[in-house]
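Nothing here was measured: the structure is a model prediction, and the numbers come from that model. In what follows, every heavy atom counts, from backbone to side chain, and hydrogens, waters and symmetry copies are set aside. In listed order, ligands and their atoms are each counted from 1.
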Amino acid sequence: MESYENLWLWVGVIGMAVGASVIFLLGLNAHPARKHHYTLAFIVSLIATANYLAMALGQGSVALGSRIFYFARYTDWVFTTPLLLVGLALIALPTFVARERLNLLFGLVAADVFMIVTGFVAALQVDASKYIWYTLSSGAFIAVLVMLWNQLREEADRFPHAAQYRTLAGMLTALWVAYPIVWLLAPTGFSAISPSVTAFIYVVLDLTAKVGFGLVQIFYLRKESVPFDEQVRERETATSIR
Ligand code: RET
């Protein structure tokens with residue numbers, strides 16, 4: 001059974017590497033006004049490739065009490081989850097508006113980084129004190145979701161990607177909510193599921209939340225003949241929109 005755990009980590013390496021390559025190739029002929037979306041999605045899958053490689057090679061984990069602690073999950077998430085949120089925010093808002101919403105963007109990124117760092121501290125504990133950190137991390141997660149579904153959704157509603165934003169935010173919410181549940185069921189929590197089942201669920205979630213989520217965004221963008229920023233500039237004057 002344990003050998004399957006390693007198999008799932010290699011599926012992560014290959015899946016992320018293939019995802020990164022596809023996104024890179026699609027980015028080669030991307031419209032210059034949309035290139036940053038490809039760059040973000042590419043960096044996310046590249047970071048995941050490296051972290052999955054470290055885990056598959058046995059370098060991204062250490063023995064902790066009776067379990068193996070995969071610290072590389074957190075070195076992945078601490079970089080990739082903020083980038084995923086910024087990518088989503090740049091679907092909601094044209095870049096020239098996003099520049100003026102730094103408070104919201106920094107708030108999202110800060111709450112998200114806080115969530116991953118406190119989640120990392122939770123995973124490091126071998127006694128029940130981990131649930132204190134877990135609760136703190138969950139509080140930050142709720143803050144992220146509140147910002148996505150209140151402030152950012154309200155902003156998105158003023159722009160042409162309102163519908164795409166809702167779909168993507170819905171996809172993100174459904175996938176991200178699964179992580180703290182898996183964490184609780186996994187050896188990090190109650191050990192209700194084995195290490196290999198945990199590795200399997202995480203790799204499915206990670207591939208969908210990174211490569212799948214990136215490709216859906218790219219698909220939306222490629223369907224539009226006029227890039228988002230230009231659509232907004234054409235529709236209204238910059239001053240009336242701000
Ligand atoms: C932890 C445990 C502590 C409580 C909470 C968590 C949330 C983790 C999340 C991770 C998302 C990861 C993604 C990865 C890449 O694609 C740290 C599991 C709330 C939401 C999207």
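- A donor atom on one side chain and an acceptor atom on the other are not found under 3.5 Å apart for N51 and Y74.
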All N/O donor-acceptor pairs, side-chain side in residues 119-131, below 3.5 Å, sequence neighbours left out:
| residue | atom | partner | partner atom | Å |
| --- | --- | --- | --- | --- |
| Q125 | NE2 | V121 | O | 3.0 |
| D127 | OD1 | S129 | N | 3.1 |
| D127 | OD1 | S129 | OG | 2.6 |
| K130 | NZ | T188 | O | 2.9 |

Next item on the list: In sequence, state the C-alpha distance, the side-chain angles, and the governing distance for E224 and H161, and then conclude on side chain to side chain donor-acceptor pair (under 3.5 Å).
Entry: CA-CA 11 Å; E224 296 173 341; H161 282 167; 2.6 Å; yes
Any protein N/O atoms within less than 3.5 Å of an N/O atom in ligand 1? List the atom names and distances, or say none.
| residue | atom | partner | partner atom | Å |
| --- | --- | --- | --- | --- |
| ligand 1 | 16 (O) | K210 | NZ | 3.0 |

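- The number of heavy-atom neighbours closer than 6.0 Å to CH2 of W10, taken from other residues, nucleotides and ligands shown, is above 12.
- No more than 12 heavy-atom neighbours from other residues, nucleotides or ligands sit within 6.0 angstrom of CZ on F24.
- Remark: aromatic rings of Y202 and W8 are distant, center separation not under 6.0 Å.
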